[in-house]
Undergrad: 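Just dropping this structure here.
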Amino acid sequence: MRVLVTGGAGFIGSHVVEALAARGHEPVVFDVRADSGGDVRNPAAVARALSGIDAVCHQAAMVGLGRGFTDAAEYVSRNDLGTAVVLTAMADAGVRRLVLAGSMVVYGEGRYECERHGTVRPGPRAVADLDAGRYEPVCPRCGQELTPGLVGEDAPVDPRNVYASTKLAQEHLAAAWARSTGAAAVSLRYHNVYGPGMPRDTPYAGVASFFRSALARGEAPRVFEDGRQRRDFVHVRDVAAANVTALEADPAGGTLTAYNTGSGEPHTVGEMARALAAAYGGPEPLVTGEYRLGDVRHITADSARLRAELGWEPEVGFDTGMREFARAGLRGEEPGGR
């Protein structure tokens, strides 16, 4: 299968390219890093790139939480306009198979259980609570403490920031394209992806990259809030394998199917920082109590559907992955530099 990988020179995209080649497919990279004409917002360039293509793995996106609302237009342009251009060109070219890089951020806060009221969905956390160090959401009905759990794909979506809103819009666009053309679309809702080749020192990098960059400078990783935020850290090679699995599957046409894509092993941000620091041999993490508006407290989703329906299984465990990541290079880091 000849597969166009948008964003194929990026962190996740480059691993997808390697995984596709290892499975005997022919990946074609389309990326602004590799080609000045590789902007997904350029209709002519996208149309040319789709010549002879059997499927598209759409990884190109502006990622991360960003810097408040000031870059909202840029997020919408790169993520949503770019996706619309790609889908339009695919419709014209008769390409009918898409795997989209989705995100678990579309859910907002995760699943919570209240002893009195069962499953509840707390609203955004108040600034006054965050300033006072009250980080845990409470039951919106009785104000009592909640127990976090796993979110399934059928849970209501509730994007809490600009990036999350654009990722959900990408799914809606892909679903509309699939219904219009009878094509098959899959969205892999990634958890916190980490691994070799992560970008360093940018406002859009993941928390694992920030911690690893700090250790490389000889500094303690700075852990926001109290470090007890629950996340699912999934290795980039497992995410790349999920993309290949989804491309090789035979999903139903005319619709978009979403799959949570995580390791299935929730860990706190503090646990991840300590594991990475220990593996690197650097200073112990510093819990700062700082916070970012738009961040959610706990988000760990259930990836059982991807395992059951497509047979994908993650292979890189948390401890093994952190030890490897501690030694691996970051994008933009000097070769061999610590």
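Every value quoted in this text rests on a predicted model; they were computed, and no experiment measured them.
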Undergrad: Is the ring pair Tyr112/His298 parallel, tilted or perpendicular, if the boundaries are 30 and 60 degrees?
TA: tilted
Undergrad: Measuring from Thr245:OG1 to Arg23:CZ, what's the distance to the nearest 0.5 Å?
TA: 7.0 Å
Undergrad: Angle between ring planes, Phe233 versus Tyr194, binned at 30° and 60°: parallel, tilted or perpendicular?
TA: perpendicular
Undergrad: With a 4.0 Å cut-off, would you call Arg237 and Glu315 a salt bridge?
TA: no
Undergrad: Does CZ in Arg2 sit with more than 12 non-hydrogen atoms of other residues, nucleotides or ligands closer than 6.0 Å?
TA: yes
Undergrad: Quick check: do Val56 and Arg97 have side-chain heavy atoms less than 4.5 Å from each other?
TA: no
Undergrad: Check whether the side chains of Thr6 and Gln59 place a donor and an acceptor atom closer than 3.5 Å, and report yes or no.
TA: no
Undergrad: Do Arg331 side-chain atoms and Gly10 backbone N/O form a donor-acceptor pair below 3.5 Å?
TA: yes
Undergrad: If only atom types and distance count, is the side chain of Gln229 paired as donor or acceptor with the main-chain N or O of Val269 below 3.5 Å?
TA: no
Undergrad: Looking at Arg121 and Glu109, is any side-chain nitrogen of the basic one under 4.0 Å from a carboxylate oxygen of the acidic one?
TA: no
Undergrad: Do Tyr163 and Phe224 share a hydrophobic cluster (ILVMFWY, side-chain heavy atoms under 4.5 Å, transitive)?
TA: no
Undergrad: For Asn243 and Tyr190, does a side-chain donor sit closer than 3.5 Å to a side-chain acceptor?
TA: yes
Undergrad: Under a 4.0 Å threshold between the charged nitrogen and the carboxylate oxygen, would Arg274 count as salt-bridged to Glu284?
TA: no
Undergrad: Do Val162 and Asp71 have side-chain heavy atoms sitting under 4.5 Å apart?
TA: no
Undergrad: Has Glu145 got more than 12 heavy atoms of other residues, nucleotides or ligands less than 6.0 Å from its CD?
TA: no
Undergrad: Phe30 versus Val46: any side-chain heavy-atom pair under 4.5 Å?
TA: yes
Undergrad: Does atom CD of Glu115 have more than 12 heavy-atom neighbours from other groups under 6.0 Å away?
TA: no
Undergrad: Can you confirm whether the side chains of Glu265 and Ser263 place a donor and an acceptor under 3.5 Å from each other?
TA: no
Undergrad: Quick one: do Met62 and Leu168 end up in the same hydrophobic cluster if we chain Ile, Leu, Val, Met, Phe, Trp and Tyr together by side-chain heavy atoms under 4.5 Å apart?
TA: yes
Undergrad: More than 12 non-hydrogen atoms from neighbouring residues, nucleotides or ligands closer than 6.0 Å to CZ on Arg228, yes or no?
TA: no
Undergrad: Thinking salt bridges, do Arg189 and Glu153 make one under a 4.0 Å N-O criterion?
TA: no
Undergrad: I'd like to know if the side chain of Thr88 reaches the main chain of Ala84, judged simply by a donor and an acceptor atom lying under 3.5 Å from each other, with no hydrogens or angles considered.
TA: yes
Undergrad: Look at Arg230 together with Glu271 and state whether they make a salt bridge at an N to O cut-off of under 4.0 Å.
TA: no
Undergrad: Salt bridge between Asp80 and Lys167, side-chain N to carboxylate O under 4.0 Å?
TA: no
Undergrad: Is Arg134 salt-bridged to Asp226, going by a charged N under 4.0 Å from an acidic O?
TA: no
Undergrad: Identify whether the distance between the nearest side-chain nitrogen and carboxylate oxygen of Glu225 and Arg297 falls below 4.0 Å.
TA: yes
